[in-house]
Amino acid sequence: MLDVEFQAASGVTVIFGPSGAGKSTILQCLAGLLRPDSGRISIGGEMVFDSSRKIDVPAQMRRVGYLFQDLALFPHMTAAENIGFGIRVNGQEKVRRVTEMLERFHISRVAAHRPEEISGGERQRVALARALAVEPRLLLLDEPFSALDDSLKRGIMADLKQWLASTGVPALFVTHDRSEAEALGQRMLLLHEGKLVGSEEF
């Protein structure tokens, strides 16, 4: 049972709580991967779900970037192809966006490599670049850094914070790690058994 109400401002809002609290369920409902029984979801001023008005915007139309814990990269595609996959324009604009993301996240040198041919940190950067290349109006991060060592994690978080600051895009970040929460987040929502039980500012 999930019963929550909140607003996410620019910057990173951390959703923190024990396993089974409903953290990932919130992200999946926002992304359109799960359909709530009832309620309303608004993203960037657009109502994307409203049970009373029978509004349910398809996931691919919500302009939400989603970084999963397992990254979900396409193994048969190169890094550049993975990044460009969700971009809904073609030609030079698509090339520009892919190139910009390769450069911003320091992975230009692996652009032509497939996921199995690059390091774990590089795969993480490719997955993040893919989520951001679609120019999302909301970014969802579901424990994406849990498999990285501290030095890799710090570098990727620094690049992500810089991108978020330059775009003003709000992000929701699910983590079990309080040090990650404090390093990346501006505020934290505390979730327990499907309900919000508190909040903190960092």
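Here the OG1-CD1 distance, from Thr99 to Ile83, works out to 9.0 Å after rounding to the nearest 0.5 Å. We find the CG-CD distance between Leu2 and Glu193 to be 12.5 Å, quoted to the nearest 0.5 Å. In this structure, the separation between OG1 on Thr25 and CE on Met1 is 12.5 Å, given to the nearest 0.5 Å. One finds the CG atom of Leu172 at 8.5 Å from the CG atom of Leu139 (value rounded to the nearest 0.5 Å). For the atom pair CG (Leu148) and CE (Met157), the distance works out to 9.0 Å, reported to the nearest 0.5 Å.
Put simply, the side chain of Leu141 reaches to within 4.5 Å of the side chain of Leu160, judged on heavy atoms. Looking at heavy atoms from C-beta onward, Val134 lies in side-chain contact with Pro136 at the 4.5 angstrom threshold. Using a 4.5 Å heavy-atom cutoff, the side chains of Phe173 and Phe16 are not in contact. Inter-residue side-chain proximity for Glu5 and Leu196 is flagged as unmet; no heavy-atom pair is nearer than 4.5 Å. Residues Phe6 and Ile26 meet the side-chain proximity criterion, which asks for heavy atoms closer than 4.5 Å.
When all heavy atoms are compared, the tightest approach of Gly121 to Ile156 is O-CD1, 3.9 Å. Nearest heavy atom pair, residue Ala111 against residue Leu102, reads CB-CD1, 3.8 Å. Considering every non-hydrogen atom in both Glu122 and Ile118, the closest pair reads OE1-CB, 3.2 Å. Gly168 and Ser10 get closest at one heavy-atom pair: O-OG, 3.0 Å. For Ala129 against Phe105, the heavy-atom pair with the smallest separation is CB-CD1, 4.1 Å. Smallest separation of non-hydrogen atoms from Leu189 and Ser199: CD2-CB, 4.1 Å.
Put simply, the side chain of Arg125 never gets that close to the backbone of Ile107: no donor and acceptor are under 3.5 Å apart. Listed for the Gln69 side chain is no donor-acceptor partner under 3.5 Å among the backbone atoms of Pro144. Remark: side-chain polar atoms of Lys23 are not paired, donor with acceptor, to backbone N or O of Gly194 under 3.5 angstrom. Between the side chain of Arg97 and the backbone N or O of Ala133 there is at least one donor-acceptor pair closer than 3.5 Å. Put simply, the side chain of Arg123 gets close to the backbone of Pro115: a donor and an acceptor are under 3.5 Å apart. No donor-acceptor pair under 3.5 Å is formed between the side chain of Ser51 and the backbone N or O of Ser38. Panel note: side chain Arg40, backbone Met47; no donor-acceptor pair is recorded below 3.5 Å.
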| task | Apply the test side-chain hydrogen bond (donor to acceptor under 3.5 Å, both in side chains) to residues Ser179 and Glu182: give CA-CA distance (whole Å), side-chain angles for both, the deciding distance (0.1 Å), then the verdict. | result | CA-CA 5 Å; Ser179 64; Glu182 293 176 352; over 6 Å; no

| message | For a side chain to side chain contact (heavy atoms under 4.5 Å, CB included) check, start with the C-alpha distance between Asp56 and Arg35, then their side-chain angles and the critical distance, and finish with the verdict. | response | CA-CA 8 Å; Asp56 189 6; Arg35 188 179 189 278; 3.4 Å; yes

| task | Show your reasoning for whether side chain to side chain contact (heavy atoms under 4.5 Å, CB included) applies to Leu132 and Met101. | result | CA-CA 8 Å; Leu132 302 182; Met101 286 298 159; 3.9 Å; yes

| said: Assess the residue pair Arg96 and Gln92 against the criterion (side chain to side chain contact (heavy atoms under 4.5 Å, CB included)); give the C-alpha distance rounded to whole Å, side-chain angles, the decisive distance to 0.1 Å, and a yes or no. | reply: CA-CA 6 Å; Arg96 182 194 68 78; Gln92 287 302 114; over 6 Å; no

| query | For Ile55 and Phe49, what are the C-alpha separation, side-chain angles and deciding distance, and is it a side chain to side chain contact (heavy atoms under 4.5 Å, CB included)? | reply | CA-CA 5 Å; Ile55 295 171; Phe49 180 81; 5.8 Å; no

| task | Determine, step by step, whether Thr175 and Glu143 satisfy the side-chain hydrogen bond (donor to acceptor under 3.5 Å, both in side chains) criterion, reporting the C-alpha distance in whole Å, the side-chain angles of both residues, the deciding distance to 0.1 Å, and the verdict. | result | CA-CA 5 Å; Thr175 180; Glu143 298 191 72; 5.5 Å; no

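By the side-chain contact (heavy atoms from CB on, under 4.5 Å) test, Phe74 is found to be paired with His76, Met77, Asn82, Phe85, Arg130, residues two or more places apart in sequence or in another chain being considered. Applying the side-chain contact (heavy atoms from CB on, under 4.5 Å) test to Glu200 and every residue at least two apart in sequence or in another chain returns Arg178, Met188, Leu190, Phe202.
No more than 12 heavy atoms of other residues, nucleotides or ligands shown are found within 6.0 angstrom of CE on Met61. Counting heavy atoms of neighbouring residues, nucleotides and ligands inside a 6.0 Å radius, atom CZ of Arg109 does not exceed 12 of them. The number of heavy atoms from other shown groups lying within 6.0 Å of CD (Glu93) is above 12. Heavy-atom neighbours of His192 NE2 from other residues, nucleotides or ligands within 6.0 Å: at or below the threshold of 12. A 6.0 Å sphere centred on CG of Asp70 holds more than 12 heavy atoms belonging to other residues, nucleotides or ligands.
Note on Val126 and Trp163: same hydrophobic cluster, where clusters join Ile, Leu, Val, Met, Phe, Trp and Tyr whose side-chain heavy atoms are under 4.5 Å apart, directly or indirectly. Ile15 and Val64 fall within a single hydrophobic cluster, where Ile, Leu, Val, Met, Phe, Trp and Tyr side chains are chained together by heavy-atom contacts under 4.5 Å. Note on Val57 and Leu33: same hydrophobic cluster, where clusters join Ile, Leu, Val, Met, Phe, Trp and Tyr whose side-chain heavy atoms are under 4.5 Å apart, directly or indirectly. No single ILVMFWY cluster, assembled from side-chain heavy atoms under 4.5 Å apart, contains both Leu27 and Val169. Note on Phe68 and Leu71: separate hydrophobic clusters, where clusters join Ile, Leu, Val, Met, Phe, Trp and Tyr whose side-chain heavy atoms are under 4.5 Å apart, directly or indirectly.
Comment: Glu180 engages Lys153 in a salt bridge, judged by a side-chain N to carboxylate O separation of less than 4.0 angstrom. A salt bridge links Arg137 with Glu46: the distance from a Lys NZ or Arg NE/NH1/NH2 to an Asp or Glu carboxylate oxygen falls below 4.0 Å. A salt bridge is absent between Arg104 and Asp159: the closest approach of a Lys/Arg side-chain nitrogen to an acidic carboxylate oxygen does not fall below 4.0 angstrom.
For Thr78 and Arg114, the side-chain atoms include no donor-acceptor pair closer than 3.5 Å. Side-chain contact, Asp50 with Ser52: a donor N or O sits under 3.5 Å from an acceptor N or O.
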